[in-house]
Amino acid sequence: MKPGNEILSGYGTTVFEVFSRLAAEAGAINLGQGFPDDRGPPDVLAEAVRALEQDSNQYPSMMGLPALRQAVAGHGRRFYGLEVDWQREVLVTSGATEALAACLLGLIRPGDEVVLFEPLYDSYLPIVRLAGGIPRLVSLRPPDWSFGRAELAAAFSPRTRLVLVNDPLNPVAKVFTARELALIAEFVLAHDAFIVCDEVYEHLVFDGRRHIPLITLPGLRDRCLKIGSAGKTFSLTGWKVGYITAAPALLQPVARAHQFLTFTTPPNLQTAVAFGLAKDDAYYLGLAAGMQARRDRLAAGLAAAGLTVLPSAGSYFIIADYRATGFAGDDVAFCRHLTLEAGVAAIPVSAFYAGTPRSGCVRFCFCKTGAVLDEASARLTRHFTGR
Ligand code: PMP
Ligand code: GLN
């Protein structure tokens, strides 16, 4: 048999699928793959049911239903003071995953360089490579996952086409500071580049922090493609509804890629997401506050089990260093051990590195009910301390 595409055959099954499967087989609590275990907002679900039964179920417009594009523009104005022309500057996609693929395939020309921050989400590098891009990685320094001017200067070149920034950052739960964003802006402007802004966790920032979209920075309005995901904003990760906001000249090549990737996205889900984006401030405040409380609950449990917990400023995730437990293997071995022997699944942080990873860290997901988090903490404490 002839082999498949060589770029893709170098990758195995994604780490999320691997550990979700292992967790199911072992009967472990799955704190690996990031998905909430509650039902999501009942009124958004009801609107999807209503639209499914009463509205059209045929192909919606390739750019997305007008109602959702208007809602995305309204969301940008309401939260960030952005003025967005919904007809020319919003594209609906089948999840942020497709939005990312459409941006990268639409904008990268073979040989272009793409600057990315490591650790990075697992779909980025394969798509950059499929598009013919050459990744240039900036390694973030733990424990605060910081970077400086020298690292950016080493990664940028006259061949830099675009930068991919995930803020808040999966897996390490970093929220970029205003100074860091300004530094990125400075390099992007100096190199006449673009930024793909993966902001799927925009409404999940904690401790009074504010999410600052790069697209709102001076000079960046026409250089950024801002990506959001209904999966994260409404705790409905299976829905796969994403949206891109960008200037017409940037969005057009991305729409060209989108029309050949998925073309469109289920209309009833689009209608329900449009409804959801208009929900009142209490919903958004409650989402972040609820998730922050879950973070604190799991952090306390992990610490009680003897793990060293790193700060989590946003997203669904928290990083724990397991070396104080005395476990001698790498992070993949630790996650297998945890799943099979302690009954709790996590994700190895090395899965988010292209090269030599930081060792000794794993990612736990805390978007679960209090009872599930407590049971996971109890299992870990029993396993590591015998208590
Ligand atoms: N980007 C990041 C950083 C993510 O964590 C995820 C997954 N949850 C996605 C993109 C994909 O989002 P979606 O499920 O909307 O495709
Ligand atoms: N984004 C999710 C996570 O980081 C996983 C999504 C997926 O399974 N592809 O856990």
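Keep in mind that what you see is a predicted model, and the values were worked out from it rather than measured. Atoms within each ligand, like the ligands themselves, are counted from 1 in listed order.
Using a 30° and 60° split on the angle between ring planes, Phe147 and Phe176 fall in the tilted class, from 30° to 60°. Ring geometry for Tyr124 versus Tyr121: interplanar angle over 60°, hence perpendicular rather than tilted (30 to 60°).
For the residue pair Ser315 and Asn170, no side-chain donor N or O sits within less than 3.5 Å of a side-chain acceptor on the partner. A donor atom on one side chain and an acceptor atom on the other are not found under 3.5 Å apart for Thr265 and Lys240.
Short contacts between ligand 1 and Thr97, defined as distances under 4.0 Å to a heavy atom of the residue, involve ligand atoms 11 (C), 12 (O), 13 (P), 16 (O). Residue contact check: Asn166 has heavy atoms under 4.0 Å from atoms 3 (C) of ligand 1. Taking every heavy atom of Gly95 and a limit of under 4.0 angstrom, the matching atoms of ligand 1 come to 15 (O), 16 (O). Applying the 4.0 Å criterion to heavy atoms of Phe317 picks out, from ligand 2, the atoms 3 (C), 4 (O), 10 (O). Which parts of ligand 1 touch Lys240 is read off a 4.0 Å heavy-atom cut-off, strictly below it: atoms 13 (P), 14 (O), 16 (O).
Scanning the protein for heavy atoms near atom 12 (O) of ligand 1, the closest one is Ala96 CB, 3.4 Å. The shortest contact between atom 8 (N) of ligand 1 and any protein heavy atom is with Lys232 NZ, 2.0 Å. For atom 8 (O) of ligand 2, the nearest protein heavy atom (residue, atom name, distance) is Gln33 NE2, 2.7 Å.
At least one N or O atom of Asp198 sits closer than 3.5 Å to an N or O atom of ligand 1. At least one N or O atom of Tyr201, backbone or side chain, sits closer than 3.5 Å to an N or O atom of ligand 1. For the pair Phe16 and ligand 2, the shortest N or O to N or O distance does not fall below 3.5 Å.
In this structure, Arg363 has a heavy atom closer than 4.0 Å to ligand 2. Taking a 4.0 Å cut-off on heavy atoms, Tyr316 fails to register as neighbouring ligand 2. At least one heavy atom of Asn170 sits closer than 4.0 Å to an atom of ligand 2.
Judged by the 6.0 Å distance and 45° axis criteria, Arg294 is not positioned over the aromatic ring of Phe366. Annotation: cation-pi pair Lys279/Phe234 absent, no NZ/CZ under 6.0 Å from the ring centroid and within 45° of its normal.
In this structure, CG in Leu120 is found 9.0 Å from CZ in Phe352, a value given to the nearest 0.5 Å.
With a 4.5 Å cut-off on side-chain heavy atoms, Leu169 and Val175 do not count as touching. Under the 4.5 Å side-chain criterion, counting only non-hydrogen atoms from C-beta, Glu151 is in contact with Arg141.
Residue contacts with ligand 2, taken as heavy atom pairs separated by less than 4.0 Å, involve Tyr121 solely via side-chain atoms from C-beta onward. Contacts between Phe35 and ligand 2, counted as non-hydrogen atom pairs separated by less than 4.0 Å, are absent for every part of the residue. Within the 4.0 Å heavy-atom criterion, neither part of Thr237 lies near ligand 2. Residue contacts with ligand 1 for Glu98 are absent, since no atom lies close enough (heavy atoms, distance under 4.0 Å).
Within a 6.0 Å radius of CD in Gln54, more than 12 heavy atoms belonging to other residues, nucleotides or ligands are found.
Using modelled atom types, one side-chain atom of Arg69 and one backbone atom of Gly64 make a donor-acceptor pair closer than 3.5 Å.
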